[in-house]
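Any value given below was found using the heavy atoms of this structure, including those in side chains, with hydrogens, waters and symmetry copies removed.
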There are 4 protein chains.
Amino acid sequence: MLIQLDFESKEPIYLQLIHQIIEGIAKGQLKPGEDLPSVRSLASDIGVNLHTVNKSYQQLKQEGFILIHRQKGVVVNPEGVPSATTAYIKQLSHKLRPLISESICREMDEQAFLNVCSDLYKEFMTERQGN
Amino acid sequence: MLIQLDFESKEPIYLQLIHQIIEGIAKGQLKPGEDLPSVRSLASDIGVNLHTVNKSYQQLKQEGFILIHRQKGVVVNPEGVPSATTAYIKQLSHKLRPLISESICREMDEQAFLNVCSDLYKEFMTERQGN
Amino acid sequence: MLIQLDFESKEPIYLQLIHQIIEGIAKGQLKPGEDLPSVRSLASDIGVNLHTVNKSYQQLKQEGFILIHRQKGVVVNPEGVPSATTAYIKQLSHKLRPLISESICREMDEQAFLNVCSDLYKEFMTERQGN
Amino acid sequence: MLIQLDFESKEPIYLQLIHQIIEGIAKGQLKPGEDLPSVRSLASDIGVNLHTVNKSYQQLKQEGFILIHRQKGVVVNPEGVPSATTAYIKQLSHKLRPLISESICREMDEQAFLNVCSDLYKEFMTERQGN
DNA sequence: GTGGTCTAGACCACC
DNA sequence: GTGGTCTAGACCACA
């Protein structure tokens, strides 16, 4: 899987990395049980500090996306990612809130906003088919 | 308008403040041309430093939400906020991306996600009616 | 003469006022010896504080654009504005410096920059003919 | 690159700093991709507070002159500064207006004014050759 | 009284 | 080490 980082972005690198891996799982490019590169090799591949990759992996593990075995290395959670809970929905809603209020101010109507979301969903799901 | 900050949150105060004000505009609690409190009075009201409030105001001004007026002080942009451009849509899409990919991993389907968005939209729009 | 102020500008009002009056003289709308409104009447006409107008007038007097007589009121300097000195040229050059360096960075060549200046000159001079 | 500030000047330090850096880019003393000192080191070098330097850097970033890079620190925009747009020309013209009207009042003719601009252009461009 | 600027010193997140 | 955020307190220009 290709990892694309933007070092000029305001978004921290460890977060970008997390998002990319989650995106890979969403698209089916990374399947449950599949191996991920070791901290060391990934770090050198994408040219970032070991600590940065480690921080990403720890957080992904924490949220149930991956498992870290001392010997087997890192794998995508073979049981799949924990499903959305009401707590997750609440947190999601909290993150959507500022995006939606700004969009309303900028005169995007509900349908236009939903279309943007829908397009993204479709982008991920069609890639998923191919994998 | 009531401002509610969470000083424990990881989200910087100046950003929370920006979001609250944008939300106020979205809900119609703050109308175009309406006065906002001065940097100093708002700062003392919500118990933060005046520089923090100033930073929020500067950024809101920068994005066209408010005007900083020599005589009248700070006002909501009377011409309304600049409408969504394709650049805005792109940036919005970029912010939605990780939310959607995580939701897919957690087995939320498109409809469930759109419902969350839709609920938020309706929350803002119904408040808007009352104002 | 019409005075147009922008209260949302970052440029202080007293400076805008100074510039407008100088522009009026440059265009020949205000001729040497001509009366200017009193501080009071101008202030009420354009809706600003007395002190603001006074500050502008004092500075214009200081630089030789106008004379302030206790009784006759305010008049455009009947002897004309003092001509450009080398000190003036130096100060002018100092103000042009950042405009030119930014233009170079933005890949405007010398001719393009001179054209902008030339257009402004012509704008002022043609208005002058009509007056 | 040598930075020269005038602490007595009415012009704010952060603006002087911005102008100096833009001038450095115009002269080719600072090349696209080149590193700029960190906020802290520059601040201590020129003897001002780090917030002052930070304000300058933020504004330069905002206008596309520099990038603030997570790893490399601060660099001159390697893609070059965004070219002049019509908006830029308009704003430039707005800033030139008072300079030109005052010069007309002081009986500088168009050619004399253009010569001042031209001299500055040549000063920047010849320094550019050497870099 | 307003916002604009500057200083000084602190903590944190990131790399 | 870096930049990002926040506080506290000060002075000034402006209206």
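Counting any heavy atom pair closer than 4.0 Å across all strands shown, A:Val48 reaches no nucleic acid atom. In this structure, B:Leu50 reaches neither bases nor backbone, as no heavy-atom distance under 4.0 Å exists between it and the strands shown. Backbone-only contact: D:Tyr14 has heavy atoms under 4.0 Å from sugar-phosphate atoms and none from a base.
Nearer the 5' end of DNA chain E, as judged by each residue's closest nucleotide, is the contact made by C:Lys10, out of A:Thr52 and C:Lys10. Comparing A:Glu11 and B:Val74, the nucleotide of DNA chain E nearest to each residue sits closer to the 5' end for B:Val74. Residue D:Ile68 is the one, among B:Gly47 and D:Ile68, whose nearest nucleotide of DNA chain F lies closer to the 5' end (criterion: closest heavy atom).
Between D:Asn54 and the phosphate of F:dG4, there is a side-chain N or O to OP1/OP2 separation shorter than 4.0 Å. Using a 4.0 Å cut-off, no side-chain N or O of D:Gln58 falls inside it from OP1 or OP2 of F:dG3. A close approach under 4.0 Å does occur between a side-chain nitrogen or oxygen of B:Lys55 and OP1 or OP2 of F:dT5.
Rounded to an integer number of Å, the gap from CD1 of D:Ile66 to C1' of F:dG3 is 12 Å. Note: CG (B:Leu36) to P (E:dT2) measures 13 Å, nearest angstrom. Computed from coordinates, the A:Gln59 CD to E:dC15 P distance equals 12 Å when rounded to whole Å. In this structure, the CG atom of D:Asn49 is 16 Å from the P atom of F:dA10, given to the nearest Å. Taking atom CG of C:Leu5 as the reference point, atom P of F:dC14 lies 15 Å away to the nearest angstrom.
Of all heavy-atom pairs between C:Gly64 and C:Pro82, the closest is O-CD, 3.6 Å. Of all the heavy atoms in B:Leu99 and B:Lys95, the pair that sits closest is CG-O, 3.8 Å.
In terms of modelled atom types and a separation under 3.5 Å, the side chain of D:Ser9 and the main chain of D:Asp6 share no donor-acceptor contact. Remark: the backbone N or O of D:Gln4 is paired with a side-chain donor or acceptor of D:Gln20 at under 3.5 angstrom. Judged by distance alone, with hydrogens and angles left aside, the side-chain atoms of B:Gln62 form no donor-acceptor pair with the main-chain N or O of B:Gln59 at under 3.5 Å.
Closest contact between the side chain of C:Pro12 and the listed nucleotides E:dG3, F:dA15, E:dC6 involves F:dA15.
Between C:Val74 and C:Tyr57 there is a side-chain heavy-atom pair separated by less than 4.5 Å.
Residues passing the side chain to side chain contact (heavy atoms under 4.5 Å, CB included) test with B:Asp45: none are found, sequence neighbours excluded.
Counting atom types as modelled, D:His51 pairs a side-chain N or O with a base atom of E:dG9 as donor and acceptor under 3.5 Å. The base of E:dG1 is not paired with the side chain of B:Arg40 by any donor and acceptor separated by under 3.5 Å.
The strand DNA chain F forms stems, runs of 3 or more Watson-Crick or G-U wobble pairs with distances below 3.5 Å, at E:1-14 with F:1-14.
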